[in-house]
Number of protein chains: 2
Amino acid sequence: MDTKNRIMETADKLFYFQGYQSTGINQIIAEANVAKGSLYNHFPSKRELGHAYVKQSSEEWFKGIEEELEAYSDPTQKLLAIFSFSEKYAQINHFNGCRLINILTEVTDQDDQITTMAVAHKQKFREFLYQLTTKIFTNSAQALEISDTIYLLYEAATVESKIFKNKWPIELARKNATQILAQNQIPNNK
Amino acid sequence: MDTKNRIMETADKLFYFQGYQSTGINQIIAEANVAKGSLYNHFPSKRELGHAYVKQSSEEWFKGIEEELEAYSDPTQKLLAIFSFSEKYAQINHFNGCRLINILTEVTDQDDQITTMAVAHKQKFREFLYQLTTKIFTNSAQALEISDTIYLLYEAATVESKIFKNKWPIELARKNATQILAQNQIPNNK
DNA sequence: GTCTATATTGTGATAGAC
DNA sequence: GTCTATCACAATATAGAC
């Protein structure tokens, strides 16, 4: 593997599992077996490496979600499949939560590009859910309310499964999302 | 105000708004107008100051919740009042989220006392909600499912209002919690 | 208890040889 | 492009005067 990829892989592991602020350049170059000069050749600063990490984290996450949803054609099933992805993601990542939320919490500067990119990622996810939901509910206000509720449930599932190191929040979020979609989808034929 | 309180007040402000890892001892003593020796007289290490911060954050939060709920006697109204508290807390704190979740994300060591205390805080909140919910639903399994769902909604509201710097997640969480309680509370008289 | 001064280690970043 | 060596500065923590 080439130098840049070794740096990125090590940075991803350390930024995510050890924390962005708690991880120094020295540790990254040591574990990636790269000289300090080489790192600064590819990334002019730690912040720029952070930007690359955030960009990659977002892209990989959406890639994973889209692959998971590919298996379904029904929008309701697609919407519920996000919780299956959440469970897989959590298991692979030892219940360490969302890369974007984690770094957003660590970088408190609102004007920092890391913050901007993380918020944009979440906004993109909300819109992704809304697009799926409008295929089920034609009323756009109702669709937005339902898609954002599913968004809240998904996010809570991620954060709380990290806190408790357990998948119960994901299961419960999925159950609630299922009920919400079932309640609203078919009008009561009385 | 005495030295210890000045340290605690400054530490609270900086740990919460600037971040625990991003805040150094030097900045705390400078802004609190205290000498380094004085800080280390009261707190033997930064970690111990962190423990005190977490303990105080948890106590203040529960105090705020309990004061908010005092106004109501009906358990359903009490449960919904947590979202009114959330809104007040968010507004006072400039949508900076939960002190416990934030520091939990920054301190990645699972064995650290800060982590343990933050998880215990969340567990205590879950039990608090469960106790209120059992007053409405006698079936304990159903009560747990409903109380944990409200817990998830509350947590998502806090985290997402921090991300978007907006109260819409709190309003939406409250609306969903209202529906869940209404749907289950009164059996359909057909 | 509070202060000044200092010790020690680690940080992000740079210069220049190869 | 990658390396070694080194910079200036900030981190946590300690020693000892008052």
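For the numbers below, each heavy atom of this structure counts, side chains included, while hydrogens, waters and symmetry mates do not. By convention in this document, chain letters (A, B, ...) are assigned in the order of the sequence lines, proteins followed by strands, and residues within each chain are numbered from 1.
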A.B. asks: What is the first contacted nucleotide of DNA chain D and what is the last, in 5' to 3' order, if contact means an atom lying under 4.0 angstrom from a heavy atom of chain B?
C.D. replies: dA11(D) to dT14(D)
A.B. asks: If we ignore angles and hydrogens, is there a donor and acceptor under 3.5 Å between the side chains of Q18(B) and T108(A)?
C.D. replies: no
A.B. asks: Please list every donor-acceptor pair under 3.5 Å in which a side-chain atom of residues 68-75 of chain A meets a protein atom from a residue at least two apart or in another chain.
C.D. replies:
{"from": "E68(A)", "atom 1": "OE1", "to": "K88(A)", "atom 2": "NZ", "distance (Å)": "2.9"}
{"from": "E68(A)", "atom 1": "OE2", "to": "K88(A)", "atom 2": "NZ", "distance (Å)": "3.2"}
{"from": "D74(A)", "atom 1": "OD2", "to": "Q77(A)", "atom 2": "N", "distance (Å)": "3.3"}

A.B. asks: Just to be sure I understand the geometry, which residues of residues 1-14 of chain A put a non-hydrogen atom under 4.0 Å away from DNA chain C?
C.D. replies: none
A.B. asks: Which Ile, Leu, Val, Met, Phe, Trp or Tyr residues join M1(A) in one cluster when any pair of side-chain heavy atoms under 4.5 Å counts as a link?
C.D. replies: none
A.B. asks: Identify every side-chain donor-acceptor pair in residues 128-135 of chain B under 3.5 Å, counting partners at least two apart or on other chains, and give the distances.
C.D. replies:
{"from": "T133(B)", "atom 1": "OG1", "to": "L129(B)", "atom 2": "O", "distance (Å)": "2.6"}
{"from": "T134(B)", "atom 1": "OG1", "to": "Y130(B)", "atom 2": "O", "distance (Å)": "3.2"}
{"from": "T134(B)", "atom 1": "OG1", "to": "Q131(B)", "atom 2": "O", "distance (Å)": "2.8"}

A.B. asks: Suppose the criterion is salt bridge (Lys or Arg N to Asp or Glu O under 4.0 Å): which pairs have a residue in residues 27-52 of chain B, not counting sequence neighbours?
C.D. replies: K13(B)-E31(B), R47(B)-D112(B)
A.B. asks: Could you list, one pair per line, each protein nitrogen or oxygen that sits under 3.5 Å from a nitrogen or oxygen of nucleotides 12-15 of chain C, together with the distance?
C.D. replies:
{"from": "dG12(C)", "atom 1": "OP1", "to": "K46(A)", "atom 2": "NZ", "distance (Å)": "3.2"}
{"from": "dG12(C)", "atom 1": "OP2", "to": "I25(A)", "atom 2": "N", "distance (Å)": "2.5"}
{"from": "dA13(C)", "atom 1": "OP2", "to": "Y40(A)", "atom 2": "OH", "distance (Å)": "3.1"}
{"from": "dA13(C)", "atom 1": "OP2", "to": "K46(A)", "atom 2": "N", "distance (Å)": "2.9"}
{"from": "dA13(C)", "atom 1": "N6", "to": "K36(A)", "atom 2": "NZ", "distance (Å)": "2.6"}

A.B. asks: At how many degrees, to 10°, do the end axes of the helix from dG1(C)-dC18(D) to dC18(C)-dG1(D) meet when each uses five pairs?
C.D. replies: 0°
A.B. asks: Quick one: which residue pairs count as a salt bridge (Lys or Arg N to Asp or Glu O under 4.0 Å) with a foot in residues 136-146 of chain B, not counting sequence neighbours?
C.D. replies: K175(A)-E145(B)
A.B. asks: E67(B): which residues meet the side chain to side chain contact (heavy atoms under 4.5 Å, CB included) condition with it, sequence neighbours left out?
C.D. replies: K63(B)
A.B. asks: Quick one about N102(B) and T105(A) (side-chain donor to acceptor, distance below 3.5 Å, no hydrogens or angles considered), yes or no?
C.D. replies: no
A.B. asks: Would you say the side-chain atoms of N5(B) and D2(B) include a donor-acceptor pair closer than 3.5 Å?
C.D. replies: yes
A.B. asks: With sequence neighbours left out, write down each residue that passes ring-ring contact (aromatic ring centres under 6.0 Å, His included) with F125(A), or none if nothing qualifies.
C.D. replies: W61(A), Y151(A), Y154(A)
A.B. asks: Check the side chains of S58(B) and R99(B) for a donor-acceptor pair under 3.5 angstrom, ignoring hydrogens and angles.
C.D. replies: no
A.B. asks: Can you list everything that forms a ring-ring contact (aromatic ring centres under 6.0 Å, His included) with F15(A)? Sequence neighbours excluded, please.
C.D. replies: Y20(A), Y53(A)
